[in-house]
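Structure first, commentary second.
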Amino acid sequence: MSQFLPFLPSSMFSFLLLLLPLLSPPAAAMPPPGAAQLRPGFYAETCPEAERILRGVMWRAMLREPRSAASVMRLQFHDCFVNGCDGSVLLDDTPTMRGEKLALSNINSLRSFEVIDEAKAALERACPGVVSCADIVVIAARDAVSLSGGPDWEVKLGRLDSLWASQEDADSIMPSPRANATSLIQLFRRFNLSIVDLVALSGSHSIGDGRCFSVNFRLHHQYAPGTPIPDMDPAFRRRIELLCPDDGDGNVTAGLDATPFRFDNQYFKDLVGLRGFLNSDETLFSGDRQTREVVERFSDDQAGFFSAFVEGMVKMGDLQSGRPGEVRRNCRMVNAHSHPRSQLPSSLLAA
Ligand code: HEM
Ligand SMILES: *[C@@H]1O[C@H](CO)[C@@H](O)[C@H](O)[C@H]1NC(C)=O
Ligand SMILES: *[C@@H]1O[C@H](CO)[C@@H](O)[C@H](O)[C@H]1NC(C)=O
Ligand SMILES: *[C@@H]1O[C@H](CO)[C@@H](O)[C@H](O)[C@H]1NC(C)=O
């Protein structure tokens, strides 16, 4: 029960409290509080082909657009950190709900929602109403890593989809590319993720791109004009500055490491060489002794990185809000009969 409290910014909390008197039915009729029991093979009887179908969808998406592997994998992070892995990040805004898609870390940045739509459509044909969007994200993220040359692993399933999404929650939780190691360590700690988890999960930036928008502050404003950036290799800086001039197009992208389509430990080699793109990446090498030791270890030990990454993804996949949910028919909207405000978390009522 206390498990979901850290997810709620106090403003959201008081907003929900205001709604309490409007509640019906009373707490006793609510589904039991707390987390679903996640386990491998959850759909073995109800949708035995689910994982095979999803791997095919991910594979075809990558043939169309190789970067979609990175974009899909990132969805797990942005989903799970905001009120648990509940597909909330997939909900479109409605006239009465500002969801997560327009949050600062997501707008003009989070992508490949159409791959999840395609996956959902394929599963609705095979076994209608069975596989949650939240589970699809976790399976597709695993497949994206595996099909990019990274590790493969078994995922725990059985999540439900949220009835609600909150831009405010996403804005207050998701870290900035300007973040320093200290604040990243603290943020991950809130989710019971260790320093090793933080560094390993940041290794997800072994695939994918970042926008100039995300590096412009670091390049042009973090340090006095004309002075070196202490933790950026000068030759790398010249390359990135050509791509990302101060007044340039913030939507231009660059690889987050030197091999943005291959899931490997190049990212850590780049950090050691001061060729990390984001401040939040390079700070893991330059900003803290403990994270630096892990970066150095992974730069030298790809197998060690892979196993720590899998452990981190599984732990991150375990995050749950404990709120009631459903299996959405369309990942972008709640099912017609479920009105979010009539279904507050039962754990809140007990609080
Ligand atoms: C440690 C804190 C993290 C920060 C501050 C951070 C920040 C960012 C930023 C700023 C971008 C580029 C966005 C853009 O410019 O449009 C990005 C991309 C990405 N992030 Fe993270 N991230 C973090 C952790 C993670 C984690 C834990 C994962 C997944 C496990 C992840 C997966 C990705 C991927 C795959 C991309 C590339 C996406 C694409 O090419 O579409 N990130 N991240
Ligand atoms: C973190 O772990 C503690 C102790 O096991 C537990 O009480 C708490 O609910 C966990 N928090 C999260 C966000 O999982
Ligand atoms: C790290 O970032 C936090 C939050 O922005 C800030 O308060 C703190 O002073 C920074 N720490 C260091 C060591 O720069
Ligand atoms: C990127 O493109 C979007 C949509 O085309 C636009 O609204 C936005 O202002 C651009 N962002 C930046 C940082 O240039």
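No experiment lies behind these values; they were computed from the predicted model shown. Indexing begins at 1, ligand by ligand and atom by atom, following the structure's order.
Under 3.5 Å, the side chains of Asn83 and Ser166 contain no donor-acceptor pair of N or O atoms. A donor and an acceptor atom, one from each side chain of Asp264 and Ser206, are located under 3.5 Å apart. Side-chain contact check for Ser146 and Arg55: at least one donor-acceptor pair (N or O, by modelled atom type) lies under 3.5 Å.
The shortest distance between side-chain heavy atoms of Val145 and Trp153 falls below 4.5 Å.
Within the structure, ring-ring contact (aromatic ring centres under 6.0 Å, His included) contacts touching residues 35-59 (residues at least two apart or in different chains) do not occur. Screening residues 103-113 for salt bridge (charged side-chain N to carboxylate O under 4.0 Å, His left out) gives Glu65-Arg111 as the qualifying pairs, with residues at least two apart or on separate chains.
Ligand 2 places these atoms under 4.0 Å from at least one heavy atom of Arg190: 13 (C).
By the side-chain hydrogen bond (donor to acceptor under 3.5 Å, both in side chains) test, Arg74 is found to be paired with His78, Ser109, residues two or more places apart in sequence or in another chain being considered.
Between Ser183 and ligand 3, not a single N/O pair is under 3.5 Å apart.
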Pick out the protein N or O atoms lying less than 3.5 Å from any N or O of ligand 4, and list each pair with its distance.
residue	atom	partner	partner atom	Å
ligand 4	2 (O)	Asn251	ND2	2.3
ligand 4	11 (N)	Asn251	OD1	3.4
ligand 4	11 (N)	Asn251	ND2	3.1

